[in-house]
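To start, the structure itself, in C-alpha cells.
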Amino acid sequence: MLSFLLGLWDLALEQPYVHLLTHRVGSDSIGGFWLSYSGFLEGQMIISLPESCLLTTDTVIRSYLGAYITKWKPPPSPLLALCTFLVSEKHAGDRSLWKPYLEILPKAYTCPVCLEPEVVNLLPKSLKAKAEEQRARVQEFFASSRDFFSSLQPLFVEAVDSIFSYSALLWAWCTVNTRAVYLRPRQRECLSAEPDTCALAPYLDLLNHSPRVQVKAAFNEETHSYEIRTTSRWRKHEEVFICYGPHDNQRLFLEYGFVSVHNPHACVYVSREILVKYLPSRDKQMDKKISILKDHGYIENLTFGWDGPSWRLLTALKLLCLEAEKFTCWKKVLLGEVISDMNEKTSLDIAQKICYYFMEETNAMLQKVSHMKDEKEALINQLTLVESLWTEELKVLRASAKTLHSLQTAFT
Ligand SMILES: C[S@@+](CC[C@H](N)C(=O)[O-])C[C@H]1O[C@@H](n2cnc3c(N)ncnc32)[C@H](O)[C@@H]1O
C-alpha cells in the first residue's frame, strides 16, 4: 500500500507537502487523513494528481472489461462500468494492479443505504424518505445489471453471481458515491447517455471534509492533472481538509455517511404537514395560501438554522398567517414587505411553537436511540451516527429558539 502511495507521491507532488496518515477504526472501516508537513499558504496547491493515476471509465474500457462493455446492448451506464471494475478488481486480489488502492478503501460504509432498516427508521422523516429512495435506487441498479454481469462469466472461474453479489455492488456504489471527484462530462458510444463525470482519485480521496474551508478543485486541461488548491491557511502538522460542498448534515449523512459537528450549514427541515399543524384550522383561505406557496416554490426547503428560522420559513408563515382582509397582500409578503405587526407577531409565535415541537421530538428520538444502543450492541456504530445527527439538530433548534425569543420581545 505504502509503496503505491509513495509512488503517487513522487509522481504527483513536486515536494513532500503532506504526510498521509491512515488508521483502521474497528475492523471494517478506515479513517484516512492528511497532515500538513510544512504548512500551506492561501492559494497553494495541495495536490496535483496526474490523469494516469485517476480511475475513470477510460481505465475500465481499456481493461479486459472493455470488449464486454462495448458488446453489451443497451450500453451500460458509466456508473455501472466503474462499479463492475471495482468489484472485479477487488475479486482479483493480489493479481490486481489496483490492489494497494483497493486495500485502503473502507470495507463497509455508513451511508443510509447500508444501515439496518430499524436504524433508518430512527432518522428524521425527510432524511428517512431520501434514504429509502436511495436504497430503492441501488436495488434497482443491482437488479437491472444482473444480465450484464452474467455476460462476464467467461472472465471468471467462479460463478458471477457470487462475485457480483448485491453486497459487492453496494460496496462499489458507495465507493464511487462517497469518494469520486467530478470531471467534465464526456460521451462515449459504448456507454449510456448518463453523465460520465466520476473519477476515483487515489490518495486525493483521503482528504476529509470541513465545512469551514474553501478549496478550488478541478481537472486542469493544460497539466492533465486533477488539482486542488486551498484558499485557507494550514499550520505545520495540522490536518488538511477540503470542502465537499456547502452541505447540511442530512445531505452529508445521505451522501457520505457522516455528520459534521458545528456545521454552519446544519438545519432542521419543516415539512408541509408540520407547518399546517400549528395554523388555525378554521382559515377558509388555507388551501389557496398553500397553493400560492407551492406555485412560488415556498413549500419546500423551509428550515430552522443557527440564526433562527430561515427567511423562506418566515415568509411562508407570514403568508399563511395573513388575516382574511389582508389576503390580497400576499405578493407583498413574498417580496419581503411587512404587512402588519400582528402578522409579524403571529408568524413568529407559530415558528416558535414549531421549534419547540421539534425540540421535544428530537429529545424523544435521542432517548429512543439511547435505549436502542443499550439493547442492540451490534448496531452501536450506526446508532451513534444517528445520535450525532439528532444531537446536532437539537443544538440548531436551541439556537433558533433563542433567536426567536429575542425577535418576539420586539412585539411585547
Ligand atoms: C473522500 S473520503 C475521505 C477520506 C476518508 N476518511 C477515508 O476513510 O479514506 C470520504 C469519507 O470520509 C469520511 N469523512 C470525510 N470527512 C469527514 C469528517 N469531517 N468527519 C467524519 N468523517 C469524514 C466519510 O466517511 C466520507 O464518506
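This is a predicted model, so every value here is computed, not measured. As the structure lists them, so they are numbered: ligands from 1, and atoms in each ligand from 1.
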| query | Under a 4.0 Å N-O cut-off, is there an ion pair linking K125 with E273? | reply |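 Not counted as a salt bridge, because no side-chain N and carboxylate O are separated by less than 4.0 Å.
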| field | Presence of salt bridge, K376 and E116, under 4.0 angstrom | value |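 Here E116 does not pair with K376 in a salt bridge, since their nearest N and O are not under 4.0 Å apart.
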| query | Do you see a donor-acceptor pair shorter than 3.5 Å between the side chains of Y68 and T84? | reply |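 No, T84 and Y68 have no side-chain donor paired with an acceptor closer than 3.5 Å.
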| said: One residue to check: Y244. Relative to ligand 1, which of side chain, backbone, both or neither has a non-hydrogen atom less than 4.0 Å away? | reply: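 Y244 to ligand 1: side-chain contact only, backbone stays beyond 4.0 Å.
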| query | Which of the atoms of ligand 1 are close to L207, meaning less than 4.0 Å from one of its heavy atoms? | reply |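 Listed by number with element: 3 (C).
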| Taking atom 22 (N) of ligand 1 as the point of reference, which of F241, F258, Y203 owns the nearest heavy atom? |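 Nearest option to atom 22 (N) of ligand 1, by heavy atoms: F258.
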| Polar contact flag for T178 and ligand 1 (N/O pairs, less than 3.5 Å) |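 It does not: no N or O of T178 is found under 3.5 Å from an N or O of ligand 1.
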| message | Applying ring-ring contact (aromatic ring centres under 6.0 Å, His included), can you list everything that pairs with F219, at least two apart in sequence or on another chain? | response |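 In terms of ring-ring contact (aromatic ring centres under 6.0 Å, His included), with neighbours along the sequence ignored, F219 is linked to no residue.
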